[in-house]
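Not measured: the values here are computed from a predicted model. Letters go in sequence order (proteins before strands), and every chain restarts at 1. Atom set for the values below is all heavy atoms of this structure, side chains included, hydrogens, waters and symmetry mates excluded.
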Amino acid sequence: MRKAFTLVETIIVILVFGTGILAVLYGMSQTLSNQDRAKTQITSSFLAREGIELMYNLRDSNYRRKLPRNCIFQKSDTATLTLDSQGKEINPFCLSYFTGDTVLKITMGTGGNYLSIQTGTVTENFDTNWENFQLFYATGTENPEFSYRYTGSDSGQPLRYARYILVKTISEGSTTLPADKLLKIESHVLFKKGALTGDTVMESFIGNYEIG
Amino acid sequence: MIKKAFTLAETMIVLVIIGILAVVLTQSYLTISKIAFTIEQEKNLSEEALMLTQMIQSITEDATIDYDKYQGKLADTKGFTDTLYLTGELRSGTTISITGNCLPLEGGFQNEEEDPADLIRENSGCQLILTGPNGIITPLIASNGDNFKRIIISKVLFRVIPFDSEANYFSQELGENKTRVNDVAKPGFRMFLHLYSPFYQPIGQNQIDQPLQLFFNLNAPLPNSLTL
């Protein structure tokens, strides 16, 4: 008489089939996740690059204002100017200066301040950094920008990106280069969508023009 | 000895198992194919975005804003404009603008039932063009129906800073409270653009798109040497 499959054999066969099917499903879910991650990283690399370009603009704009390269310039539309003998603006708009190990939020402003710059603090905690530096998509046809939520406004669609610029001094051995000569800048873009989190970092340097 | 054949129940069980496996494998194959297609489309969009970035970067290296063309209206629009007027030693009379029938900057296309071929046809005239000093038009990026790189572009918006040239700024008369609305700064511009694949992303039925927000510094008279 022919022996039938035992329970153990049946379970083994089911396990083999089940493992195969699970492996396929896991592979599919990983592929989907990687695809989403790749797309997010492409956009975040563009945003990181924009951060670097904005820092170069800040450095060059300060030169044109005859202000120190690391001036954090703040000027309202109705601010009173103080001009030097050549009619150039002088210091009162440098509310502060960034040196080494400074964290900046930099974007294009909504008013007469062409670049909006604020200092911030970075922590080791991703969620805290996310809260502090998240970008929003401004609503309205005239202002379709990825930017920080404007002060006093709750408009804007939250994005899956956050950005901050880290300014660092440079050391050569035990010597630290003067902060007013050369600084390292790192543009960090964090991304977060559901369980998917990560960051993109782009690095560059800003030197200083000699102010004549 | 007569060999015992499979019973009907055994045969049915085998068939059911084979059927289940076939369905799972077919579904897996289809899903993976769709994901691969989506990745290919996204790769196309990112390639186009990178090429556009590099082309505009090379233009900006020897150009600056032609403020005379804006006649002081940039302050009214907070710097937003749909046409970028450039000037400079080699770029005098250069413009970058959009032409043709283009999708809006926001929203993109909404009709998932629409045939991608029709969508391409409807938007095929949409181009971001560079008009040179001699009037020669060069498309920088365009909606196209190439078999391998099907893309659709949205309208393009620029935001220029500062709103006025340095010369105009210092020529303004100061009021009693010494205020000037505008500011001296190095010229630059932000560019907003959306690139779309005409196909819907099969998983989740979303558009396959690549939003672009880029900032470019424009060359302006600055010292040649840095103090290091």
* Looking at CZ of B:Phe216 and CZ of A:Arg49, how far apart are the two atoms once the value is rounded to the nearest 0.5 Å? -> 6.0 Å
* To the nearest 0.5 Å, what is the distance between OG1 (B:Thr53) and CZ (A:Phe46)? -> 4.5 Å
* With a cut-off of 6.0 Å (strictly less than), are more than 12 heavy atoms of other residues, nucleotides or ligands near NZ of A:Lys192? ->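 Yes - once you tally the heavy atoms of other residues, nucleotides and ligands closer than 6.0 Å, there are more than 12.
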* Neighbour count above 12 (heavy atom, 6.0 Å) for A:Gln30 CD -> yes
* Structure fact -> side-chain hydrogen bond (donor to acceptor under 3.5 Å, both in side chains) filter on A:Ser171, not counting sequence neighbours, yields A:Thr176
* Which of A:Ile21, A:Val24, A:Thr43 touches chain B most, by non-hydrogen pairs under 4.5 Å ->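 Option with the greatest count: A:Thr43.
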* To do: Grab the two heavy atoms, one from B:Phe215 and one from A:Glu53, that are nearest each other, plus how far apart they are.
  => O-CG, 3.4 Å
* **Minimum-distance pair of heavy atoms, taken over all atoms of B:Pro187 and A:Asn57** => O-ND2, 4.0 Å
* **Polar side-chain atom of B:Asn217 near backbone of A:Tyr56 as donor-acceptor pair, under 3.5 Å** =>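 No; zero donor-acceptor contacts below 3.5 Å.
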* Close side-chain approach of B:Arg190 and A:Thr107, heavy atoms under 4.5 Å -> yes
* Asked: Are B:Lys186 and A:Asn62 close enough that some pair of their side-chain heavy atoms sits under 4.5 Å apart?
  ->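 SC-SC contact between B:Lys186 and A:Asn62 ruled out.
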Sort [X] into side chain, backbone, both or neither according to what part of it lies under 4.5 angstrom from a heavy atom of chain A.
{"X": "B:Leu21", "result": "side chain"}
{"X": "B:Leu214", "result": "both"}
{"X": "B:Ala36", "result": "neither"}
{"X": "B:Asp209", "result": "both"}

* **ring pair (Phe, Tyr, Trp, His ring centres under 6.0 Å) partners of A:Phe191, counting only residues at least two apart** => none
